[in-house]
Undergrad: 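Okay, handing you the structure first.
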Amino acid sequence: MTRQKILITGASSGLGAGMARAFAAKGRDLALCARRTDRLDELKAELAQRYPDITVAVAALDVNDHDQVPKVFAELSDALGGIDRVIVNAGIGKGARLGSGKLWANKATIETNLVAALVQTETALEMFNEQGSGHLVLISSVLGAKGVPGVKAAYAASKAGLSSLGESLRAEYAKGPIRVSVIEPGYIESEMTAKSKTTMFMVDNDTGVKSLVAAIEREPGRAAVPWWPWGPMVQLMRVLPLSLTKRFA
Ligand SMILES: NC(=O)c1ccc[n+]([C@@H]2O[C@H](COP(=O)([O-])OP(=O)(O)OC[C@H]3O[C@@H](n4cnc5c(N)ncnc54)[C@H](OP(=O)(O)O)[C@@H]3O)[C@@H](O)[C@H]2O)c1
């Protein structure tokens, strides 16, 4: 099934902007949102020039402004004449060692990556239930599979929560009509990873986005991307002794 009308949150940079370019190249119509609207406007202009036959709608959205999420999703849906796929992608990688006095950083990460993702999920499901179909994509992380020491503890917890939410929804909608995919990217170049010390198996943005989009199009229940090495690696991470998890942090 071709999902023609795709909404992506956090589309102003990194994986979100990369996915927008890749889906535009496939001729899909796009609803893009983020806080940095200058970036969204530039991306819209670029896509309109390269792919004049598609529709691209953009909107300002801070996903932590919970009341705004349904309003903006509805506006974008009106602009495109409906939404077939919502990609919950907006996220941050702030964080500090637990107990180091920087609760604000860890709280911000859990609020954006998990609580705001819940708000986006509820909104998308209401839309899909009303129209009788839709594909919900949750951009989690390979770190959703394992707790890690240090600055990424809250980030890993936020993604574990998101993966769990997705698993519950996959059980809820096992017989459809809504499809739910939990996507677990490994390390892919982006603004977020530029600030991170971890470079383990890092791939460039194009390579990462290519596997991400290919996985989303297959509509799996769950997929680690790029599959190699992260498919087997995620299985290994689940059973890895905690003393060996530092390398992922
Ligand atoms: N890159 C990786 O290796 C990797 C690995 C695993 C998972 N991920 C996940 O992939 C997603 C995208 O990350 P990225 O690597 O592409 O990082 P990025 O380049 O920093 O992009 C993050 C995106 O999220 C948006 N965002 C952040 N806070 C937001 C808020 N409060 N409201 C609305 N939008 C917000 C940003 O837009 P504005 O700042 O303009 O609002 C930006 O477009 C995240 O969920 C991340 O956890 C990435």
Side-chain angles (χ1 to χ4, degrees), residues 1-34 36-37 39-61 63 69-70 72-91 117 120-121 123-140 166 173 176-185 188 190 204-223 225-227:
M1 178 192 297
T2 300
R3 308 284 184 181
Q4 182 59 32
K5 298 162 186 179
I6 303 175
L7 186 154
I8 306 173
T9 66
S12 60
S13 67
L15 308 190
M19 286 189 280
R21 290 190 176 92
F23 283 121
K26 290 176 178 289
R28 311 296 169 80
D29 299 319
L30 297 171
L32 308 176
C33 47
R36 289 172 293 175
T37 49
R39 298 282 199 96
L40 294 178
D41 290 338
E42 277 169 31
L43 183 56
K44 179 179 175 172
E46 174 197 323
L47 298 179
Q49 196 184 16
R50 292 178 71 184
Y51 311 105
D53 294 339
I54 66 167
T55 302
V56 180
V58 298
L61 177 63
V63 292
V69 173
V72 171
F73 277 27
E75 278 166 28
L76 289 170
S77 174
D78 286 348
L80 260 55
I83 298 290
D84 305 318
R85 172 181 286 153
V86 170
I87 305 180
V88 177
N89 170 71
Q120 294 163 72
T121 296
T123 306
L125 291 175
E126 276 187 43
M127 278 172 40
F128 292 161
N129 276 319
E130 209 167 290
Q131 68 196 31
S133 68
H135 182 205
L136 175 68
V137 180
L138 303 179
I139 303 296
S140 181
Y173 292 105
I178 294 169
R179 296 275 309 170
V180 179
S181 298
V182 176
I183 307 292
E184 304 162 315
I188 299 170
S190 72
D204 62 68
N205 192 272
D206 277 355
T207 307
V209 164
K210 214 171 157 190
S211 351
L212 192 55
V213 166
I216 291 171
E217 289 281 86
R218 285 197 306 274
E219 304 195 4
R222 184 170 206 151
V225 295
W227 183 83

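Heavy atoms only: backbone and side chains are in, while hydrogens, waters and symmetry mates are out. Counting begins at 1 with the first residue of the sequence.
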Undergrad: Supply the atom-to-atom distance Ile188 CD1 to Ser211 OG, rounded to the nearest 0.5 angstrom.
TA: 6.5 Å
Undergrad: By side-chain hydrogen bond (donor to acceptor under 3.5 Å, both in side chains), which residues pair with Asp204, not counting sequence neighbours?
TA: Thr207
Undergrad: Is there a side chain to side chain contact (heavy atoms under 4.5 Å, CB included) between Arg179 and Val137? Walk through the geometry before answering.
TA: CA-CA 8 Å; Arg179 296 275 309 170; Val137 180; over 6 Å; no
Undergrad: Cys33 versus Leu7: any side-chain heavy-atom pair under 4.5 Å?
TA: yes
Undergrad: Just how far is it from atom OG of Ser140 to atom CD1 of Ile183, taken to the nearest 0.5 Å?
TA: 10.0 Å
Undergrad: Anything under 3.5 Å between a donor and an acceptor, one on a side chain of residues 126-134, the other on a protein residue two or more places apart or in another chain? List them.
TA:
from   : atom 1 : to     : atom 2 : distance (Å)
Asn129 : ND2    : Leu125 : O      : 3.1
Asn129 : ND2    : Tyr173 : OH     : 3.3
Gln131 : NE2    : Ile83  : O      : 2.6
Gln131 : NE2    : Ser133 : O      : 3.3

Undergrad: Taking side chain to side chain contact (heavy atoms under 4.5 Å, CB included) as the criterion, tell me which of Leu40, Leu32, Thr37 meets it with Ser12.
TA: Leu40
Undergrad: Do you know which two heavy atoms are closest between Gly14 and Ser190, and how far apart they sit?
TA: CA-CB, 3.8 Å
Undergrad: Please find the pair of heavy atoms, one from Gly166 and one from Val182, that lie closest to each other, and give the distance.
TA: CA-CG2, 3.6 Å
Undergrad: Quick one: does any side-chain atom of Ser77 pair with a main-chain N or O of Phe73 as donor and acceptor, under 3.5 Å?
TA: no
Undergrad: Could you tell me which non-hydrogen atom of Pro70 sits nearest to which non-hydrogen atom of Thr123, and how far apart they are?
TA: CA-CG2, 3.5 Å
Undergrad: Who are the salt bridge (charged side-chain N to carboxylate O under 4.0 Å, His left out) partners of Arg3, not counting sequence neighbours?
TA: Glu219
Undergrad: What heavy-atom pair brings Leu43 and Ala20 nearest, and what distance separates the two atoms?
TA: CD2-CB, 4.0 Å
Undergrad: Would you say the side chain of Leu212 lies within less than 4.5 Å of the side chain of Ile139, judging by non-hydrogen atoms?
TA: yes
Undergrad: Donor-acceptor pair, distance only, cut-off 3.5 Å: does the side chain of Asp29 make one with the backbone of Leu80?
TA: no
Undergrad: When you measure from the side chain of Gln4 to the backbone N and O of Gly27, does any donor-acceptor pair fall under 3.5 Å?
TA: yes
Undergrad: Atom CD1 of Ile6 and atom CZ of Arg85: how far apart are they, to the nearest 0.5 Å?
TA: 4.5 Å
Undergrad: Nearest 0.5 Å, what's the CD-CG distance between Glu42 and Leu47?
TA: 11.5 Å
Undergrad: Quick check: does any side chain N or O of Lys44 sit under 3.5 Å from a backbone N or O of Val58, one acting as donor and the other as acceptor?
TA: no
Undergrad: Between atom CE of Met19 and atom CG of Leu30, what is the distance when rounded to the nearest 0.5 Å?
TA: 10.5 Å
Undergrad: Minimum heavy-atom separation for Val72 and Ala60, please, with both atom names.
TA: CG2-O, 3.7 Å
Undergrad: In the structure I gave you, are the side-chain heavy atoms of Arg28 and Thr2 within less than 4.5 Å of one another anywhere?
TA: yes
Undergrad: I'd like to know if the side chain of Ser13 pairs up with that of Arg36 as donor and acceptor (distance under 3.5 Å, no hydrogens or angles considered).
TA: yes
Undergrad: Can any side-chain N or O of Asn89 pair as donor or acceptor with the backbone N or O of Thr9 at less than 3.5 Å?
TA: yes
Undergrad: Please test Asp84 against His135 for side chain to side chain contact (heavy atoms under 4.5 Å, CB included), starting from the C-alpha separation and ending with a verdict.
TA: CA-CA 6 Å; Asp84 305 318; His135 182 205; over 6 Å; no
Undergrad: Would you give the length of the straight line joining atom CZ of Phe23 to atom CD1 of Ile87, rounded to the nearest 0.5 angstrom?
TA: 4.5 Å
Undergrad: So which atom in Leu136 and which in Ala124 form the shortest heavy-atom distance, rounded to 0.1 Å?
TA: CD1-CB, 3.9 Å
